[in-house]
Amino acid sequence: MEHNSTKPPHSASYTAFGLRAEAQKLSPGLHVVATPIGNLQDVSFRALATLAAADVVLAEDTRVTKTLLAHYGIATPLVAYHEHNAAVMRPHLLARLEAGAALALVSDAGTPLVSDPGFKLVADSVAQGFAVFGVPGPSAVLAALVVAGLPTDRFFFEGFLPQKSAARRQRISALAPIPGT
């Protein structure tokens with residue numbers, strides 16, 4: 001159901017530190033929002049405002065995201081968007097973008113699209129000329145890098161390594177010559 005009002009059908013507000021804040025209306029488009037990694041206090045005010053003002057939040061696991069939204073008193077509707085339903089959901093979401101919706105895409109933790117199924121939605125949104133906005137925040141890759149005591153001027157992110165030990169050792173050997181952490 002599309003709404004033509006200036007506010008979403010839900011209350012575009014959130015609560016932080018016991019104070020209620022009203023979120024500004026979002027520009028239409030896909031808003032890629034980083035979420036906390038294990039500690040709900042690691043969320044940014046911009047992320048909270050975006051999640052509160054979006055027409056819908058697209059979540060990898062709605063149970064995980066529901067906890068975040070409930071903690072901050074955000075009533076934005078949740079829609080599951082994950083690797084098992086992405087092909088079916090993507091055309092519907094692109095149609096909502098075409099109609100002028102502001103959609104917020106989150107992963108279970110950290111920055112979406114890093115080892116996460118949101119890539120095709122972003123790629124299709126860009127290809128169809130829809131605005132895509134990044135809302136930066138927690139990143140597991142950077143959090144691990146800055147505490148490792150390794151050089152941070154150059155680093156490489158491989159993603160998930162193979163589960164079987166022989167394949168994992170082979171992949172690590174192939175990565176060893178890369179100049180950087």
Side-chain angles (χ1 to χ4, degrees), residues 14-17 23 26 29-54 56-74 76 78-87 89-90 93 103-126 131-181:
Y14 61 95
T15 302
F17 305 109
L26 291 177
L30 182 61
H31 300 259
V32 182
V33 182
T35 58
I37 304 170
N39 186 329
L40 292 177
Q41 294 178 346
D42 289 339
V43 70
S44 73
F45 288 120
R46 184 173 167 208
L48 293 175
T50 301
L51 295 172
V56 68
V57 174
L58 309 173
E60 187 176 4
D61 184 337
T62 56
R63 297 167 299 182
V64 171
T65 304
K66 183 186 259 184
T67 300
L68 173 67
L69 298 183
H71 183 81
Y72 289 102
I74 297 172
T76 306
L78 281 169
V79 170
Y81 182 77
H82 47 71
E83 64 181 325
H84 304 293
N85 75 353
M89 290 296 297
R90 205 165 30 258
L93 299 173
L103 307 179
L105 174 66
V106 300
S107 66
D108 289 349
T111 304
L113 276 70
V114 179
S115 296
D116 177 77
F119 166 74
K120 289 182 180 177
L121 179 59
V122 171
D124 287 354
S125 296
V126 169
V132 177
F133 306 93
V135 181
S139 165
V141 172
L142 293 176
L145 180 64
V146 300
V147 299
L150 299 169
T152 57
D153 56 336
R154 297 181 79 187
F155 68 92
F156 176 80
F157 176 69
E158 169 66 10
F160 294 111
L161 292 171
Q163 291 197 3
K164 295 190 177 188
S165 60
R168 187 171 47 250
R169 278 193 300 275
Q170 183 179 24
R171 186 66 194 140
I172 290 171
S173 292
L175 296 171
I178 293 174
T181 298

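Hydrogens, waters and symmetry mates are skipped; everything else that's a heavy atom, side chains included, is used.
- Looking at residues two or more places apart in sequence or on another chain, you find a side chain to side chain contact (heavy atoms under 4.5 Å, CB included) between Val79 and Val56, Leu58, Met89.
- For Phe157, the ring-ring contact (aromatic ring centres under 6.0 Å, His included) criterion is met by no residue, not counting sequence neighbours.
- Residue-environment remark: CZ (Phe119) stays at or below the threshold of 12 foreign heavy atoms within 6.0 Å.
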For residues 36-46, please give each side-chain donor-acceptor pair under 3.5 Å, one per line with the distance, not counting sequence neighbours.
unit_1, atom_1, unit_2, atom_2, d
Asn39, OD1, Gln41, N, 2.9
Ser44, OG, Ala47, N, 2.9
Arg46, NH2, Gly134, O, 3.0

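- Of all the heavy atoms in Val132 and Ser125, the pair that sits closest is CG2-CB, 3.9 Å.
- Closest of all the heavy-atom pairs between Asn85 and Tyr81 is OD1-CA, 3.5 Å.
- In terms of heavy atoms, Ala23 sits closest to Ala53 at CB-CB, 3.9 Å.
- By the side chain to side chain donor-acceptor pair (under 3.5 Å) test, Thr76 pairs with His10, sequence neighbours left out.
- Minimum heavy-atom separation, Gly110 to Ser107: O-OG, 3.5 Å.
- What you find for Gly118 and Leu105 is that their closest heavy atoms are CA-CD2, 4.0 Å.
- By the 4.5 Å heavy-atom criterion applied to side chains, Leu51 and Thr65 are not counted as neighbours.
- With sequence neighbours excluded, the residues satisfying side chain to side chain contact (heavy atoms under 4.5 Å, CB included) with Thr62 are Ala59, Leu78, Ala80.
- When every heavy atom of Ile74 is checked against every heavy atom of Ala52, the shortest pair comes out as CG2-CA, 3.7 Å.
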Report all side-chain donor-acceptor pairs from residues 158-165 shorter than 3.5 Å, counting only partners two or more places apart or in another chain.
unit_1, atom_1, unit_2, atom_2, d
Glu158, OE1, Arg171, NH2, 3.1
Glu158, OE2, Arg171, NE, 2.7
Glu158, OE2, Arg171, NH2, 3.3

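- Contact annotation: the side chain of Val141 approaches that of Phe155 to within less than 4.5 Å [non-hydrogen atoms, C-beta and beyond].
- Remark: Leu150 engages Ala148, Thr181 in a side chain to side chain contact (heavy atoms under 4.5 Å, CB included) (not counting sequence neighbours).
- Checked against side chain to side chain donor-acceptor pair (under 3.5 Å), Thr15 has the following partners two or more places apart in sequence or in another chain: Arg20.
- Among pairs with a residue in residues 57-74, those fulfilling salt bridge (Lys or Arg N to Asp or Glu O under 4.0 Å) read Asp61-Arg63, at least two apart in sequence or across chains.
- Partners of Glu83 according to the side chain to side chain contact (heavy atoms under 4.5 Å, CB included) rule, which considers only residues two or more places apart in sequence or in another chain, are Pro117.
- Under the salt bridge (charged side-chain N to carboxylate O under 4.0 Å, His left out) criterion, Asp124 pairs with Arg90, not counting sequence neighbours.
- Between atom CG of residue Leu69 and atom CG of residue Leu48 there is a gap of 9.0 Å, rounded to the nearest 0.5 Å.
- The salt bridge (Lys or Arg N to Asp or Glu O under 4.0 Å) contacts involving residues 136-147 comprise nothing, where partners must be two or more places apart or lie in separate chains.
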